[in-house]
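Written below as structure tokens is the structure these notes are about.
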Amino acid sequence: MTEESIESTLPADLTAVQDALIDWYESDHRSYPWRETTDPYAILVSEVMSQQTQLDRVVSAWEDFLDEWPTVESLAAAQRGDVVSFWTAHSLGYNNRAKYLHEAAKQVRDDYDGEFPETPTELQDLMGVGPYTANAVASFAFNTGDAVVDTNVKRVLYRAFSVPDDDSVFKTAANTLLADGRSRVWNNAIMELGGVACGKTPRCEEAGCPWRQWCDAYESGDFTAPDVPTQPIFAGSRRQFRGRVIRTLAEYEQLTLDELGPRIRVDYGGKFGREWLYELVSDLESDGLVDITNENRSTELESVHVCLKRN
DNA sequence: GTCCCGGCAG
DNA sequence: CTGCCGGGAC
């Protein structure tokens, strides 16, 4: 779809659409502590935490994290294992993101002289920071971001203005709609709309959706949303056992495979014995989350020790 | 079972 | 472009 046809998809009076949403957001919205700061470090922490975790669960973890590592310098100086332990202890999932956050802090210290980059392009150089997070941090910390495009934004644009389900088109449409020079309030507002008024089950009236007069879905009654890939079953998955390994290692200095195994699965042994566990922890080592040592230089898996990555 | 403010590695 | 990555709440 060309840019001209995107503009014809959007309402003619963009200013009215923008003002309506911004007014709606500013008059009332959910209160989150990271919306009260412009510290890019604190905002990055909140964005990484909320990539796949519900906001209500992020609040206390975010507060504890900043209590532990108040500044980007303090996080950069931390041991990776401590950051990963924190992540697991707070049930934040995806331990790789703890590693990314720690690495990003070190990048700010080493590559940016301790000063956070302020443009989306530079922010994307940071580990774990992709297009969404770069624009979110740039917007909320510096008000210099482009439009964020997450599943909320896609759903809203798809329903309200019949923007086709195509990432590059979503991006163009979102940026066309972005209120110039107001990315901070705008990106907050459009995601708030997707979270509060235009979720999977729409709540147009209850939330007082400000876009009802322009909304295609509201007019047609068809609230179909773009397909979101369904996640594979978690119970019994590889991910679950990885998580258990990290959670267990957070409690001990180091463990042998046979000490670790029974704490990971009750049926440790046989088909799911040392070889199985060694393969699992080897991947965790490749991910930079654990260290594997074999002090006797033995070829036997019996003498293998595992611990959280020190640094 | 489904949802939740993505990003990385191959 | 595809597969992978945790876990709690409902």
Side-chain angles (χ1 to χ4, degrees), chain A residues 25 29-30 32-35 43-62 84-101 103-104 120 123-140 145 147-157 166-168 170-171 174 183-184 186-202 225-250 264 279-280 283-290:
Chain A
Y25 177 77
H29 58 77
R30 294 172 297 178
Y32 292 112
W34 47 85
R35 286 177 168 171
I43 289 167
L44 176 63
V45 173
S46 79
E47 289 301 330
V48 172
M49 285 184 175
S50 56
Q51 278 172 9
Q52 293 284 330
T53 302
Q54 290 89 336
L55 300 189
D56 291 334
R57 285 175 48 210
V58 167
V59 174
S60 67
W62 183 79
V84 172
S85 289
F86 176 98
W87 210 258
T88 291
H90 287 73
S91 299
L92 288 166
Y94 301 108
N95 296 299
N96 275 323
R97 299 202 305 240
K99 179 189 70 178
Y100 295 152
L101 202 46
E103 289 303 306
L123 284 163
Q124 279 199 65
D125 291 339
L126 301 180
M127 203 70 60
V129 177
Y132 166 78
T133 308
N135 285 123
V137 173
S139 297
F140 304 148
V148 297
V149 180
D150 69 347
T151 56
N152 284 310
V153 173
K154 290 181 189 176
R155 188 172 56 250
V156 167
L157 297 180
D166 179 302
D167 284 350
S168 75
F170 279 130
K171 180 181 174 185
S183 67
R184 176 180 289 139
W186 178 259
N187 282 325
N188 264 141
I190 194 167
M191 286 195 287
E192 182 78 356
L193 188 68
V196 171
C198 201
K200 184 179 179 64
T201 58
D227 287 324
V228 285
T230 63
Q231 290 200 333
I233 309 297
F234 178 63
S237 69
R238 179 180 185 78
R239 283 184 301 161
Q240 182 175 40
F241 292 117
R242 284 170 53 103
R244 286 184 185 169
V245 168
I246 298 299
R247 183 166 294 210
T248 303
L249 290 179
I264 302 309
E279 197 263 342
L280 193 68
D283 274 2
L284 287 167
E285 183 187 39
S286 300
D287 284 348
L289 295 172
V290 307

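Throughout, a chain's letter reflects where its sequence line sits, starting with A, and its residues are numbered from 1.
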(Q) Please classify the nucleic acid contact of A/P232 as base, sugar-phosphate, or nothing, using heavy-atom distances under 4.0 Å. (A) nothing

(Q) Under the rule for ring pair (Phe, Tyr, Trp, His ring centres under 6.0 Å), what residues qualify as partners of A/F241, not counting sequence neighbours? (A) A/W276

Q: For DNA chain B, note the earliest and the latest nucleotide, 5' to 3', having some atom under 4.0 Å of a heavy atom belonging to chain A.
A: B/dG1 to B/dC8

(Q) Between P on C/dA9 and NE2 on A/H90, what's the gap in Å once rounded to a whole number? (A) 14 Å

**Q.** side chain to side chain donor-acceptor pair (under 3.5 Å) partners of A/T133, counting only residues at least two apart
**A.** A/Q51

Q: Look at A/N96 and C/dC5 and indicate whether a side-chain polar atom (N or O) is within less than 4.0 Å of OP1 or OP2.
A: no

Q: Using a heavy-atom cut-off of under 4.0 Å over every strand shown, decide if A/Q231 touches base, sugar-phosphate, or nothing.
A: base

Q: For A/G130, report the nucleic acid contact type (base, sugar-phosphate, nothing); a contact means any heavy atom under 4.0 Å.
A: sugar-phosphate

Q.
Run the salt bridge (Lys or Arg N to Asp or Glu O under 4.0 Å) test against A/D125 and tell me which residues pass, sequence neighbours left out.
A. none

(Q) In the structure I gave you, are the side-chain heavy atoms of A/K171 and A/P131 within less than 4.5 Å of one another anywhere? (A) no

(Q) Between A/K154 (side chain only) and A/P226 (backbone N and O only), is there a donor and an acceptor less than 3.5 Å apart? (A) no

Q.
Less than 4.0 angstrom between a side-chain N/O of A/R57 and OP1 or OP2 of C/dG7, yes or no?
A. no

Q | Residues from residues 44-53 of chain A lying under 4.0 Å of DNA chain C - heavy atoms | A | A/Q52, A/T53

(Q) Nearest whole Å is fine: how far is C/dG8 P from A/R244 CZ? (A) 11 Å

Q | Consecutive-pair stems (at least three Watson-Crick or G-U pairs, under 3.5 Å) that include DNA chain B | A | B:1-4 with C:7-10, B:6-10 with C:1-5

Q) Residues two or more places apart in sequence or in another chain: which of them pass side chain to side chain donor-acceptor pair (under 3.5 Å) with A/R184? A) none

Q) Got a sec, which residues hit side chain to side chain donor-acceptor pair (under 3.5 Å) with A/Y132, two or more places apart in sequence or on another chain? A) A/E47

Q: Grab the CZ-P distance between A/F234 and C/dC5 for me, whole Å please.
A: 10 Å

**Q.** Atom-to-atom span, CZ of A/R97 to C1' of C/dC5 - whole angstrom
**A.** 9 Å

Q) Quick one: salt bridge (Lys or Arg N to Asp or Glu O under 4.0 Å) partners of A/R155, sequence neighbours excluded? A) none

(Q) At 4.0 Å (heavy atoms only), tell me whether A/T133 reaches a base, stays on the sugar-phosphate, or touches nothing. (A) sugar-phosphate

**Q.** 5'-most by nearest nucleotide on DNA chain B - A/R35 or A/L126
**A.** A/R35

Q. Roughly how many Å is it from CE in A/M127 to C1' in C/dC5, rounded to a whole number?
A. 16 Å

Q.
Could you tell me how far apart A/L289 (CG) and C/dC5 (P) are, to the nearest whole angstrom?
A. 11 Å

(Q) Would you say A/R247 places a side-chain N or O within less than 4.0 Å of OP1 or OP2 belonging to C/dG7? (A) yes

Q) Taking the nucleotide of DNA chain B with the closest heavy atom to each, which residue, A/Y132 or A/T230, is nearer the 5' end? A) A/T230

Q: Classify the nucleic acid contact of A/I233 as base, sugar-phosphate or nothing, counting any heavy atom under 4.0 Å across all strands shown.
A: sugar-phosphate

Q. Is A/R97 close to A/Q52 at the side-chain level, that is, under 4.5 Å between some pair of heavy atoms?
A. yes

Q: Using a heavy-atom cut-off of under 4.0 Å over every strand shown, decide if A/D56 touches base, sugar-phosphate, or nothing.
A: nothing

Q. Mind checking what makes ring pair (Phe, Tyr, Trp, His ring centres under 6.0 Å) contact with A/W34, not counting sequence neighbours?
A. A/Y32, A/W62

Q | Nearest-Å distance for atom pair CZ/C1', residues A/F241 and C/dC4 | A | 17 Å

Q. When rounded to the nearest Å, what value does the distance between P atoms of C/dG6 and B/dG10 take?
A. 16 Å

Q: For C/dC5 and B/dC5, measure between their P atoms and round to the nearest Å.
A: 22 Å

Q: Not counting sequence neighbours, which residues clear ring pair (Phe, Tyr, Trp, His ring centres under 6.0 Å) with A/F170? List them please.
A: none

Which donor-acceptor pairs under 3.5 Å do side chains of residues 190-198 of chain A form with protein atoms, sequence neighbours excluded?
{"unit_1": "A/E192", "atom_1": "OE1", "unit_2": "A/R30", "atom_2": "NE", "d": "3.2"}
{"unit_1": "A/E192", "atom_1": "OE1", "unit_2": "A/R30", "atom_2": "NH2", "d": "3.0"}
{"unit_1": "A/E192", "atom_1": "OE1", "unit_2": "A/R35", "atom_2": "NH1", "d": "3.2"}
{"unit_1": "A/E192", "atom_1": "OE1", "unit_2": "A/R35", "atom_2": "NH2", "d": "2.9"}
{"unit_1": "A/E192", "atom_1": "OE2", "unit_2": "A/R30", "atom_2": "N", "d": "2.9"}
{"unit_1": "A/E192", "atom_1": "OE2", "unit_2": "A/R30", "atom_2": "NE", "d": "3.2"}

(Q) Tell me the closest heavy-atom pair linking A/A147 and A/N187, and the distance in Å. (A) CA-OD1, 3.6 Å

